[in-house]
Undergrad: 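To start, I am sharing the structure in question, which I have written as structure tokens.
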Amino acid sequence: MPLPLRLGINIDHVATIRNARGGAHPDPIRAALQAQNAGADGITAHLREDRRHISDHDIERLMAQIALPLNLEMAATSEMVDIACRHKPHAACIVPERREERTTEGGLDAYHNQVTLKPLIGRLIDAGIRVSLFIEADLKQLDAAKALGAPVVELHTGAYCDATGDDLVREYDRIKTAAKHAHEIGLECHAGHGLTFETVEPIAAIPTIAELNIGHFLVGEAIFVGFDVSIKQMRVLMNLARQGTDQ
Ligand code: PXP
């Protein structure tokens, strides 16, 4: 039986548009409320070290005003762990962060950074926060996540979403194999980055993936059809793909 598949909505890009003018509009918390009403299962927000989109105040407001579980994306720094432990979101997803990157390019290298990650993950777990590591679909990284005690991994789907032809087949197989391995070693498996109406279905059809986190495409699509409609459409596609899954 495939696992139930949750949809987490990433609202970072609503804040990106707001910050382009430095005012209060469009409000990412209003977007999160709309996502909640459209049937999202969770809200994801990335508090970057440079605060380029989501702000500390946004996190406070999300915690106060949104009933859905918050998945706080954050770099592996003690400042971010302090913030997470103060707010106690449902989940913290540790992502790699470089200031010059446009978005989160590539997964966290959990394998080579176990010594740094271990105490940070331990603090989050002790605070009752569900830790996930945003990693490449690489078995070595999955085993490292398991060794670090993280209960969840999120597989980076960026390379799959950008790929064509043989590369697409290879990237998809990589994600499928990793999702299966995650399940076998007792990790909950999520996926996200770059997913669209075109790329979501094969990922949603992988039965051991429990959650997709999607933002940029839905915020872009909202310009044309509205946020609510774009989220509902994504959910329809995910459900259709999941129904076709038989293992
Ligand atoms: N998951 C993680 C860990 C991310 O960093 C991002 C991008 O912020 C997403 C999911 C969503 O990616 P996108 O905005 O491309 O849908």
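Numbering of ligands and ligand atoms starts at 1, following listing order. Quick caveat, the model's predicted, so the values are computed rather than measured.
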Undergrad: Begin from the C-alpha positions of Leu68 and Asp41 and carry the test side chain to side chain contact (heavy atoms under 4.5 Å, CB included) through to its verdict.
TA: CA-CA 6 Å; Leu68 292 178; Asp41 298 298; 5.7 Å; no
Undergrad: Counting only heavy atoms, which portion of Glu154 has something under 4.0 Å from ligand 1: side chain, backbone, both, or neither?
TA: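 Glu154 to ligand 1: side-chain contact only, backbone stays beyond 4.0 Å.
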Undergrad: Hey, is Glu73 touching ligand 1 through its side chain, its backbone, both or neither, going by heavy atoms under 4.0 Å?
TA: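 For Glu73, only side-chain atoms sit under 4.0 Å from ligand 1.
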Undergrad: Near His193, which atoms of ligand 1 are under 4.0 Å from a heavy atom of that residue?
TA: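 This gives 6 (C), 7 (C), 10 (C), 12 (O), 15 (O) as the contact atoms.
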Undergrad: Using 30° and 60° as the class boundaries, would you call the ring planes of Phe217 and Phe197 parallel, tilted or perpendicular?
TA: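 Taking Phe197 first and then Phe217, their aromatic rings stand perpendicular (interplane angle over 60°).
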Undergrad: Gly194 heavy atoms, cut-off 4.0 Å: which ligand 1 atoms fall inside?
TA: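 Under 4.0 Å from Gly194, ligand 1 has these atoms: 12 (O), 13 (P), 15 (O), 16 (O).
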Undergrad: Distance from Leu237 atom CG to Glu201 atom CD, nearest 0.5 Å?
TA: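 Taking CG in Leu237 and CD in Glu201, the distance rounds to 4.5 Å.
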Undergrad: Under 3.5 Å, side chain of Glu136 to main-chain N/O of Gly107, donor-acceptor pair present?
TA: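 Checked: pair present.
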Undergrad: Just which atoms of ligand 1 are under 4.0 Å from any heavy atom in Gly215?
TA: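 Close to Gly215: 13 (P), 14 (O), 16 (O).
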Undergrad: Within the side chain of Arg61, is there an N or O that forms a donor-acceptor pair under 3.5 Å with the backbone of Ile66?
TA: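 Here the side-chain-to-backbone pair does not exist.
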Undergrad: Give the numbers and elements of all ligand 1 atoms closer than 4.0 Å to a heavy atom of Asn213.
TA: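 Every atom of ligand 1 under 4.0 Å from some heavy atom of Asn213: 10 (C), 11 (C).
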Undergrad: Checking contacts here: is it the side chain or the backbone of Asn10 that comes within 4.0 Å of ligand 1, counting heavy atoms only? Could be both or neither.
TA: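 The answer is the side chain.
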Undergrad: Measure from the side-chain N and O atoms of Gln36 to the backbone N and O of Ala67, and report whether any donor-acceptor pair falls under 3.5 Å.
TA: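 Yes; judged by distance alone, with no hydrogens or angles, the pair exists.
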